[in-house]
> 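Would you mind keeping the following structure in view while I ask a few things?
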Number of protein chains: 2
Amino acid sequence: MEYGVKMPRQPKFSRDDVLDAARDAVFEHWRSATVSHVTSRLGAPSGSIYHRFASREALFVTAWIRSVRRFQQALTTIVEIPDPTEAIVETALHIPRFCRQHRKDARMMTLYRHADLLTTAPPELREELAGLNTPVATAIAALTRRRYGRVTNHGLAVMRLACRDSPYGIVRPIIGEAIPAWIDDAVRATTGALAGLPDHT
Amino acid sequence: MEYGVKMPRQPKFSRDDVLDAARDAVFEHWRSATVSHVTSRLGAPSGSIYHRFASREALFVTAWIRSVRRFQQALTTIVEIPDPTEAIVETALHIPRFCRQHRKDARMMTLYRHADLLTTAPPELREELAGLNTPVATAIAALTRRRYGRVTNHGLAVMRLACRDSPYGIVRPIIGEAIPAWIDDAVRATTGALAGLPDHT
DNA sequence: TCCATTCTAGAGAAGGCATTCTAGATGACG
DNA sequence: CGTCATCTAGAATGCCTTCTCTAGAATGGA
């Protein structure tokens with residue numbers, strides 16, 4: 001607490017409360033979620049939203065970023081699994097598992113694509129978005145090196161498919177619903193097959 | 001030309017012209033495509049749109065249906081490929097190939113999910129939407145029977161993954177852009193692996 | 001030529017939504 | 001108890017979009 005800084009009034013709604021409400025509104029209305037959906041869930045006036053976030057877009061993008069970070073949290077430990085092939089498969093399996101345990105965050109993550117946000121998001125969030133992908137990129141690069149003994153562009157592309165795009169494609173149609181256990185078998189099969197590809201064309 | 005029917009004025013904009021403009025607007029603006037994006041591309045006033053389509057939603061959903069039908073056109077011949085495994089893999093490969101040759105239609109198809117439209121689309125289109133999936137369902141069922149010798153629910157689910165969800169997941173991040181040739185190798189690998197799974201848990 | 005039909009044309013009504021603005025409440029601190 | 005920073009509160013504003021409505025043009029038959 002700094003000298004001379006008056007202690008402000010206690011917030012009735014925390015920043016996370018607002019983001020939770022945004023996430024819940026998206027879970028229910030997806031792309032047509034409005035600011036008033038958020039305020040009515042929160043029981044707050046629109047002023048409380050705009051006091052913290054510059055715009056509707058800033059609110060939803062911030063909530064999206066929070067969900068992405070939650071997804072990334074487990075990655076670093078998974079990548080350290082001793083056996084390379086197991087590390088690859090477990091990275092891929094993290095996707096259906098996360099979707100099972102964090103249904104709302106998972107659905108929130110489907111709202112935007114990272115590449116699109118880099119150019120369309122509110123300027124004040126661009127910098128954060130630019131660095132957002134590094135944990136995943138680092139993990140993929142580490143897995144690529146461990147799998148092939150070197151890192152080529154094609155090797156990286158294959159590993160992205162194996163650990164990210166392919167498992168995501170498998171769960172995508174049912175994100176937000178229950179994910180059956182056998183989906184994990186399907187992920188094991190596809191990721192195993194992709195990890196078997198060579199790192200050159 | 002029926003008796004007593006007066007010949008009307010020639011349309012300046014055909015139905016397909018309007019749908020093309022809608023598809024192009026979606027290619028550029030995706031979900032935020034508006035009716036005025038469409039009219040300005042077409043060089044037409046909004047009246048010409050609303051003369052043919054009941055609402056903005058009816059226009060875009062109709063364009064979506066047209067793209068889906070174009071995708072389905074090649075399916076029936078592919079399924080008839082003699083070797084079952086080859087038929088399965090070629091069905092899956094139809095997805096990256098279609099995305100390569102019909103970039104705008106492919107992107108248009110990402111605008112809605114069939115399951116959502118069944119409940120949210122304008123009522124006059126519901127019936128058409130209800131029957132839209134049958135060509136794909138028929139193809140998947142045929143492939144399931146040929147692969148396993150019988151049709152179980154789990155077998156169908158695996159085959160949907162192999163022929164549709166998995167390859168779609170692989171191309172999805174790059175739909176609208178150029179699809180590299182090696183993507184087909186990845187699809188072959190994953191679809192082959194999934195088709196190798198048994199039809200029971 | 002006149003008429004019925006089908007279309008283009010575009011101004012503007014209507015509605016929904018994000019956003020702003022002003023007032024007031026709250027709490028820490030001197 | 002007064003002051004200040006921070007927050008709640010929600011009515012009011014203004015924008016943007018969809019959609020309607022009226023006028024008029026093109027076409028071919030009677």
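Quick note on labels: first sequence line is chain A, next is B, and so on, each numbered from 1.
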> Identify each donor-acceptor pair in which a side-chain atom of residues 133-141 of chain A lies under 3.5 Å from a protein atom, sequence neighbours left out, and give them as a table.
residue: A:Thr134; atom: OG1; partner: A:Gly131; partner atom: O; Å: 2.6
residue: A:Thr138; atom: OG1; partner: A:Thr134; partner atom: O; Å: 2.7

> Please write out the pairs of protein N or O atoms and N or O atoms of nucleotides 12-16 of chain C separated by less than 3.5 Å, giving the distance to one decimal.
none

> For a quick test of your reading: what N or O donor-acceptor pairs under 3.5 Å do the side chains of residues 113-126 of chain B make, sequence neighbours left out?
residue: B:Arg113; atom: NE; partner: B:Asp116; partner atom: OD2; Å: 3.3
residue: B:His114; atom: NE2; partner: B:Leu129; partner atom: O; Å: 2.8
residue: B:Thr119; atom: OG1; partner: B:Asp116; partner atom: O; Å: 3.1
residue: B:Thr120; atom: OG1; partner: B:Asp116; partner atom: O; Å: 3.0
residue: B:Arg126; atom: NE; partner: B:Ala121; partner atom: O; Å: 2.7
residue: B:Arg126; atom: NH2; partner: B:Thr119; partner atom: O; Å: 3.1
residue: B:Arg126; atom: NH2; partner: B:Ala121; partner atom: O; Å: 2.9

> If you only use heavy atoms from C-beta on, which nucleotide in C:dC7, D:dG28, C:dA18 is closest to the side chain of B:Pro11?
C:dC7

> Tell me the interatomic distance from B:Leu42, atom CG, to C:dA9, atom C1', rounded to whole angstroms.
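Whole-Å distance recorded here is 13 Å.
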
> Do any pairs count as a side chain to side chain donor-acceptor pair (under 3.5 Å) and have a residue in residues 36-52 of chain A, sequence neighbours left out, and if so which ones?
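Listed once each, the pairs are A:Glu28-A:Arg41, A:Thr34-A:Ser36, A:Thr34-A:His37.
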
> Just the table, please: protein N/O against nucleotides 21-25 of chain D N/O, every pair under 3.5 Å.
residue: D:dG24; atom: N2; partner: B:Arg9; partner atom: NH1; Å: 3.4
residue: D:dA25; atom: N3; partner: B:Arg9; partner atom: NH1; Å: 3.1

> Taking only residues two or more places apart in sequence, or in another chain, which ones meet B:Phe71 in a ring-ring contact (aromatic ring centres under 6.0 Å, His included)?
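In terms of ring-ring contact (aromatic ring centres under 6.0 Å, His included), with neighbours along the sequence ignored, B:Phe71 is linked to B:His94, B:Phe98.
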
> Strictly below 4.0 Å, heavy-atom distances to any atom of DNA chain C: list the hits from residues 15-26 of chain A, or just say none.
none

> Are OP1 or OP2 of D:dT8 and a side-chain N or O of A:Ser48 less than 4.0 angstrom apart?
yes

> Counting only heavy atoms and a strict 4.0 angstrom limit, can you tell me which residues of residues 51-60 of chain A come near DNA chain D?
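Hits under 4.0 Å, by residue number: A:His51, A:Arg52.
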
> In whole Å, I'd like the distance from the NE2 atom of B:His29 to the C1' atom of D:dT17.
14 Å

> Is it true that, when you exclude A:Asp83 itself, more than 12 heavy atoms of the residues, nucleotides or ligands shown sit nearer than 6.0 Å to its CG?
yes

> By salt bridge (Lys or Arg N to Asp or Glu O under 4.0 Å), which residues pair with A:Glu86, not counting sequence neighbours?
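Listed in chain order: nothing, the list is empty.
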
> Enumerate the residue pairs fulfilling ring-ring contact (aromatic ring centres under 6.0 Å, His included) with a member in residues 153-201 of chain A, sequence neighbours excluded, ordered by first and then second residue.
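Of all non-adjacent pairs touching residues 153-201 of chain A, those that pass ring-ring contact (aromatic ring centres under 6.0 Å, His included) are A:His154-B:Trp182, A:Trp182-B:His154.
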
> What is the distance from CD1 of B:Ile49 to P of C:dT6, rounded to the nearest Å?
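One finds 19 Å between P of C:dT6 and CD1 of B:Ile49, rounded.
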
> As an exercise, state the distance from CZ of A:Arg188 to CG of A:Asp185, rounded to the nearest 0.5 Å.
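CG of A:Asp185 is found 5.5 Å from CZ of A:Arg188.
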
> Could you check A:Arg150, A:Arg147, A:Arg146 and say which one makes a salt bridge (Lys or Arg N to Asp or Glu O under 4.0 Å) with A:Asp199?
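Single pass found, and it is A:Arg150.
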
> Salt bridge check: are B:Asp20 and B:Lys104 linked by an N-O gap of less than 4.0 Å?
no

> Name all residues meeting the salt bridge (Lys or Arg N to Asp or Glu O under 4.0 Å) criterion together with A:Asp17; count only those two or more places apart in sequence or in a different chain, and write none if there are none.
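Scan of A:Asp17 (salt bridge (Lys or Arg N to Asp or Glu O under 4.0 Å), adjacent residues dropped) gives none.
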
> Quick one: list whatever passes salt bridge (Lys or Arg N to Asp or Glu O under 4.0 Å) with A:Arg31, sequence neighbours left out.
none

> Please check the phosphate of C:dA9 (OP1 and OP2 only) for any side-chain N or O of B:Lys12 closer than 4.0 Å.
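Yes, such a contact exists.
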
> If I take atom CD1 from residue B:Ile95 and atom CZ from residue B:Arg164, how far apart are they, to the nearest 0.5 angstrom?
8.5 Å

